[in-house]
Colleague: 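Pasting in a structure now, in structure tokens, and then I'll have a few things to ask.
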Amino acid sequence: LSAKPVLQVKVRVVKKKKVVVKKRKKLGPTHPSPGNQEITPEPGCPPLGLESLRVSDEQFQASSSQSYGLGAHRGRLNIQWMGDLFDGAWCPEPEDDWPWLQVDAGRLARFTGVITQGRNSIWRYDWVTSYKIQFSNDTLTWWGTKNRSSGLDEVFPGNSDPDTPVLVLLTQPQVARYIRLLPQTWLQGGAACLRLEVLACLLPDPNGFFPREPQLGSSDPLDFRHHDYKAMRKLMKKVNDQCPNITRVYSIGKSHQGLKLYVMEMSDQPGEHELGEPEVRYVAGMHGNEALGRELLLLLMQYLCLEFLRGNPRVTRLLTETRIHLLPSMNPDGYEIAYRRGSELVGWAEGRWTHQYIDLNHNFADLNTPLWEAEDDGLVPHSFPNHHLPLPAYYTMPNATVAPETRAVIDWMQRIPFVLSANLHGGELVVSYPYDMTRTPWEARELTPTPDEPVFRWLSTVFAGTSRAMQEPGRRPCHSEDFSHHGHIINGAEWHSVAGSMNDFSYLHTNCFEITVELSCDKFPHESELPQEWENNKDALITYLEQVRVGISGLVLDKDTEQGIPDAVIAVDGINHDVTTAPGGDYWRMLTPGDYMVTASAEGYHSATKPCRVSFEEGPTLCHFRLSKTPKQRLRELLASGVKVPPDLRRRLDRLRGRGVRAGGAGRCPGGCHRQDLD
């Protein structure tokens with residue numbers, strides 16, 4: 001366990017309920033065992049891996065279970081309720097007078113402590129209030145710890161609510177293979193349900209009696225630890241100092257508590273948008289207690305810096321052809337709360353929200369509803385846009401409930417022409433893609449694809465297919481839903497509806513295609529697990545960034561001046577979602593391989609259409625456009641500059657005047673045409 005403050009137990013007041021004490025037979029005498037000797041406490045022993053799934057289902061055993069959905073394998077710390085058949089806990093049968101839950105470490109281990117929770121359920125309150133612990137090397141002979149003052153079996157304090165983790169450190173660490181918890185008391189009217197994590201150090205096995213454990217970790221020389229705000233800022237500065245030519249640290253705003261939202265930019269020309277170079281971003285820490293994404297981005301910036309200095313061709317090309325922005329902590333206030341609790345004691349939700357108790361993933365403007373209403377009325381795209389939807393009036397009001405963190409990210413999105421993004425979360429192993437909100441009102445889950453469903457499925461499959469954890473054969477689900485049947489990808493709304501998500505907002509308000517990556521079952525892994533988590537996700541993080549090359553890109557230029565046209569619209573036949581050009585006239589349109597008819601249009605210009613083929617070859621297909629000004633636009637510009645009107649435009653103007661006169665005199669410009677006559 002990391003050296004952080006020990007939990008102060010929260011107490012939930014439950015009316016008209018009492019704790020019942022079940023009398024039990026006195027445990028037999030302590031049997032002589034090598035595991036019964038006193039050992040100097042080692043508080044640094046990490047979790048055995050119940051929550052992170054390093055401990056398999058087969059390593060759990062119990063005296064009884066109410067059902068499969070409440071079986072011994074469900075006794076994992078922070079496991080969640082998932083439907084009526086799967087509650088988050090192990091629960092013994094009501095008739096079981098002597099319940100116990102047992103874990104096999106797989107080999108001899110030094111047990112130093114346990115962490116317990118009650119049952120996660122929307123139907124019941126169940127938790128164990130006290131328990132004993134026993135140890136064994138063969139499951140036949142068991143011994144327990146003794147109270148030093150009384151000499152009796154030691155009884156440990158349990159929980160006072162379902163979800164707050166409670167830590168117990170053993171005064172005498174025990175060496176054994178098996179550990180067993182025996183509930184002594186629990187909430188009256190409930191059951192002896194619990195969730196568990198075990199703190200233990202696996203011991204060396206020089207004689208090879210036990211199967212060899214796979215070697216976990218990473219050979220990359222990176223800083224594998226959890227970083228609070230000050231440590232994060234220090235690390236980012238260190239990377240910037242180490243690679244000043246390819247990095248820049250900047251802030252996009254502040255949290256409610258005044259902590260800056262720092263971004264690491266990585267490119268061969270940091271600080272400027274290079275014409276034709278796409279912009280990509282990773283965002284982590286939207287939920288402050290989901291710490292893995294934060295640490296992965298800190299590791300990624302270290303890795304890219306070191307590999308660039310070493311001349312790694314893959315990294316060099318990535319940084320030369322792409323401008324990367326890494327925001328490791330969107331919710332620094334929430335993270336500081338979670339960090340102070342510690343990786344194993346923060347629970348499932350503490351630190352998730354901002355200091356204002358706002359869930360940032362529900363805080364972006366709902367642009368889905370006005371778009372779908374306009375589509376139902378047949379207004380899209382001629383009378384209502386299918387892209388770059390404006391912010392609703394209510395959302396921009398001074399008293400709108402919009403977190404400063406959300407406003408900062410929106411301003412960031414509007415400033416930089418991002419093309420591709422991923423939002424890193426934790427608590428599951430799946431990649432979800434827009435739309436996140438169901439189209440049918442009040443529907444809890446419903447397949448709701450965007451017009452770019454093939455692109456989003458491609459992007460999601462690329463990350464999931466290169467994530468070691470998601471591709472691990474036979475890996476059990478985090479909770480109960482098995483996403484492996486669908487390649488570990490899912491449409492967000494088909495999973496659960498989220499209104500105001502950053503993914504949907506990014507797609508509808510900007511050019512950026514964004515997905516959500518749930519990186520791990522454990523939201524806040526122990527520091528000892530960070531090297532392996534980095535190896536699980538390193539290739540996926542880099543491969544996903546490289547997908548910005550899939551599709552078409554190019555310039556939209558003024559045919560006369562060869563200057564880029566900003567805000568030109570790029571429309572693809574058959575896809576009811578357009579993108580626009582950046583201020584320099586460059587654009588990127590993500591598309592899967594195939595043949596497309598693409599149209600570029602801009603105000604004051606004749607539109608142009610051309611075929612563009614996206615191949616399976618690496619790199620985007622270049623598809624440039626040169627647009628000619630309309631006569632009206634050319635005349636408007638000439639009149640504004642005071643230049644004499646050329647003869648060809650004057651003849652066109654005369655013809656327009658003639659049509660105007662025949663229509664009843666309208667269209668004539670008495671005394672000569674001026675700019676206002678053309679607006």
Colleague: Between Asp359 and His287, is any side-chain donor less than 3.5 angstrom from a side-chain acceptor?
Modeller: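 There is such a pair between these side chains.
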Colleague: For residues His577 and Thr450, determine if any side-chain heavy atom of one lies less than 4.5 Å from a side-chain heavy atom of the other.
Modeller: no
Colleague: Measure centre to centre between the rings of His509 and Phe364, then say whether the value is under 6.0 Å.
Modeller: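 No - the distance between ring centres of His509 and Phe364 does not fall below the 6.0 Å cut-off.
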Colleague: The test is side chain to side chain contact (heavy atoms under 4.5 Å, CB included); show your working for Gln547 and Trp458 and say whether it passes.
Modeller: CA-CA 9 Å; Gln547 300 315 298; Trp458 169 278; 3.1 Å; yes
Colleague: Say whether Glu295 and His227, considering side chains only, have a donor N or O and an acceptor N or O under 3.5 Å apart.
Modeller: yes
Colleague: Looking only at side chains, do Glu277 and Ser267 share a donor and an acceptor under 3.5 Å apart?
Modeller: yes
Colleague: Which heavy atom in Asp436 sits nearest to a heavy atom in Gly492, and how many Å separate them?
Modeller: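 Looking at all heavy atoms of both residues, the closest pair is OD1-CA, 3.5 Å.
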Colleague: Keeping the roles fixed (side chain from Thr322, backbone from Leu319), state whether a donor-acceptor pair exists under 3.5 Å.
Modeller: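 No; judged by distance alone, with no hydrogens or angles, the pair does not exist.
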Colleague: In this structure, which one of Leu296, Val249, Leu235, Leu326 forms a side chain to side chain contact (heavy atoms under 4.5 Å, CB included) with Met301?
Modeller: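 With Met301 as partner, side chain to side chain contact (heavy atoms under 4.5 Å, CB included) holds for just one option, Leu326.
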Colleague: Check this for me: Arg457, atom CZ, are more than 12 non-hydrogen atoms of other residues, nucleotides or ligands nearer than 6.0 Å?
Modeller: no
Colleague: Considering only heavy atoms from C-beta outward, does the side chain of Leu259 approach that of Glu336 to under 4.5 Å?
Modeller: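 Side-chain contact under 4.5 Å: yes.
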Colleague: Do Arg589's NZ or CZ and the ring of Tyr587 fall within the cation-pi criteria of under 6.0 Å and 45°?
Modeller: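 Output no; distance or angle outside limits.
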Colleague: Could you tell me whether the side chain of Thr440 reaches within less than 4.5 Å of the side chain of Thr448, counting heavy atoms only?
Modeller: no
Colleague: Is it true that atom CD of Glu603 has more than 12 heavy atoms of other residues, nucleotides or ligands lying nearer than 6.0 Å?
Modeller: no
Colleague: Would the distance check show the side chain of Ser121 and the main-chain N or O of Asp87 forming a donor-acceptor pair, the cut-off being under 3.5 Å?
Modeller: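 The answer is no, because no donor-acceptor pair under 3.5 Å joins these two groups.
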Colleague: Could you verify whether a donor N or O on one side chain and an acceptor N or O on the other, from Glu533 and Ser520, lie under 3.5 Å apart?
Modeller: yes
Colleague: Answer yes when Arg323 and Glu274 have at least one side-chain N-carboxylate O distance shorter than 4.0 Å, and no when they do not.
Modeller: no
Colleague: I'd like to check Glu279 versus Trp588 (side-chain heavy atoms, cut-off strictly below 4.5 Å). Are they in contact?
Modeller: no
Colleague: Distance-only, no hydrogens or angles: does the Asn289 side chain make a donor-acceptor pair with backbone N or O of Trp348 under 3.5 Å?
Modeller: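 Confirmed, Asn289 side chain pairs with Trp348 backbone.
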Colleague: Could you tell me whether the side chain of Ile122 reaches within less than 4.5 Å of the side chain of Trp81, counting heavy atoms only?
Modeller: yes
Colleague: Indicate yes or no: at least one non-hydrogen side-chain atom of Thr354 is less than 4.5 angstrom from one of Gln257.
Modeller: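 Side chain of Thr354 against side chain of Gln257, heavy atoms only: no contact under 4.5 Å found.
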Colleague: So does His606 get a backbone contact from the side chain of Ser628, meaning a donor-acceptor N/O pair under 3.5 Å?
Modeller: no
Colleague: For side-chain hydrogen bond (donor to acceptor under 3.5 Å, both in side chains), just list the numbers for Ser484 and Asp482, CA-CA rounded to whole Å, side-chain angles, deciding distance to a tenth of an Å, and then say yes or no.
Modeller: CA-CA 6 Å; Ser484 65; Asp482 191 351; 2.5 Å; yes
Colleague: Within the side chain of Ser497, is there an N or O that forms a donor-acceptor pair under 3.5 Å with the backbone of Ala493?
Modeller: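 The answer is no, because no donor-acceptor pair under 3.5 Å joins these two groups.
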Colleague: Do you know which two heavy atoms are closest between Val598 and Cys612, and how far apart they sit?
Modeller: CG2-SG, 3.8 Å
Colleague: Return yes if some donor-acceptor pair links the side-chain N/O of Asp452 with the main-chain N/O of Val455 below 3.5 Å, else return no.
Modeller: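 Checked: no pair found.
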Colleague: How long is the span from the CD1 atom in Ile337 to the CG atom in Asp333, to the nearest 0.5 Å?
Modeller: 7.0 Å
Colleague: Decide if atom NZ of Lys629 counts as having more than 12 heavy atoms of other residues, nucleotides or ligands within a radius under 6.0 Å.
Modeller: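 Result for NZ/Lys629: enclosed.
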Colleague: When you measure from the side chain of Glu405 to the backbone N and O of His256, does any donor-acceptor pair fall under 3.5 Å?
Modeller: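 Yes.
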Colleague: Would Arg445 and Glu481 pass as an ion pair if we require N to O under 4.0 Å?
Modeller: yes
Colleague: Please say whether more than 12 non-hydrogen atoms of neighbouring residues, nucleotides or ligands are located less than 6.0 Å from NZ in Lys610.
Modeller: yes
Colleague: To the nearest 0.5 angstrom, please state how far the CD atom of Glu428 sits from the CD1 atom of Ile490.
Modeller: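 If I round to the nearest 0.5 Å, the distance is 9.5 Å.
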Colleague: Is the shortest side-chain N to carboxylate O distance from Arg439 to Glu446 below 4.0 Å?
Modeller: no
Colleague: Do other residues, nucleotides or ligands put more than 12 heavy atoms under 6.0 Å from Arg314 CZ?
Modeller: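 Yes, because the 6.0 Å sphere around CZ of Arg314 holds more than 12 heavy atoms from other groups.
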Colleague: For the pair His425 and Glu290, evaluate side-chain hydrogen bond (donor to acceptor under 3.5 Å, both in side chains) and give the outcome as yes or no after the intermediate values.
Modeller: CA-CA 6 Å; His425 286 245; Glu290 296 171 14; 3.2 Å; yes
Colleague: Between the main-chain N or O of Arg626 and the side-chain N or O of Tyr605, is there a donor-acceptor pair closer than 3.5 Å?
Modeller: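 Checked: no pair found.
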Colleague: Do the non-hydrogen side-chain atoms of Ser553 and Asp586 ever get within less than 4.5 Å of each other?
Modeller: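 Answer no - side chains too far apart.
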Colleague: Would you call Glu514 and Arg281 a salt bridge, taking side-chain N to carboxylate O under 4.0 Å as the test?
Modeller: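 Salt bridge: yes.
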Colleague: Nearest 0.5 Å please: distance from the CG atom of Asn511 over to the CG atom of Leu420.
Modeller: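 One finds 12.0 Å between CG of Asn511 and CG of Leu420.
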Colleague: What is the ring orientation for Tyr435 with Trp372, classed by angle as parallel under 30°, tilted 30 to 60°, or perpendicular over 60°?
Modeller: perpendicular
Colleague: Got a second to check how far Asp504's CG is from Asn361's CG, nearest 0.5 Å?
Modeller: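 Interatomic distance, Asp504 CG to Asn361 CG, rounded to 0.5 Å: 9.0 Å.
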Colleague: Do Asp567 and His388 have side-chain N/O donor and acceptor atoms under 3.5 Å apart?
Modeller: no
Colleague: Within this structure, what is the CD1-OG1 distance for the pair Ile358 and Thr406, rounded to the nearest 0.5 Å?
Modeller: 6.5 Å
Colleague: Minimum heavy-atom separation for Leu429 to His488, with atom names?
Modeller: O-ND1, 2.9 Å
Colleague: What's the shortest heavy-atom distance between Ser506 and Met413, and which atoms?
Modeller: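 In terms of heavy atoms, the two residues are closest at CB-CE, 4.2 Å.
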Colleague: Compute the centroid of each ring, for Tyr507 and then for Phe513, and state whether the two points are separated by less than 6.0 Å.
Modeller: yes
Colleague: Heavy atoms only: give me the nearest Ile246-Asp268 pair and the separation to one decimal.
Modeller: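 Shortest heavy-atom separation between Ile246 and Asp268 comes out as CG2-CA, 4.4 Å.
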Colleague: From Tyr282 OH over to Ile324 CD1, what is the distance, rounded to the nearest 0.5 angstrom?
Modeller: 8.5 Å
Colleague: Could you tell me whether the side chains of Tyr395 and Asp366 share a donor-acceptor contact shorter than 3.5 Å?
Modeller: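 Absent: no donor and acceptor within the cut-off.
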Colleague: Test your reading of the model: is there a side-chain donor-acceptor pair from Glu51 to the backbone of Asn78, 3.5 Å cut-off?
Modeller: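 No; zero donor-acceptor contacts below 3.5 Å.
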Colleague: Which atom names give the shortest non-hydrogen contact between Ile252 and Leu327, and what distance separates them?
Modeller: CD1-CD2, 4.1 Å
Colleague: Report yes or no: does Thr581 contribute a side-chain atom to a donor-acceptor pair with the main-chain N or O of Ala568 at less than 3.5 Å?
Modeller: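 The answer is yes, because a donor-acceptor pair under 3.5 Å joins these two groups.
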Colleague: Could you tell me if the side chain of Thr369 sits less than 4.5 Å from the side chain of Met437, heavy atoms only?
Modeller: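 Counting from C-beta outward, Met437 and Thr369 do come under 4.5 Å.
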Colleague: Using only heavy-atom distances, determine whether the side chains of Thr247 and Asn240 contain a donor-acceptor pair under 3.5 Å.
Modeller: yes
Colleague: Quick one: do the Thr516 and Asn503 side chains pair a donor with an acceptor below 3.5 Å?
Modeller: yes
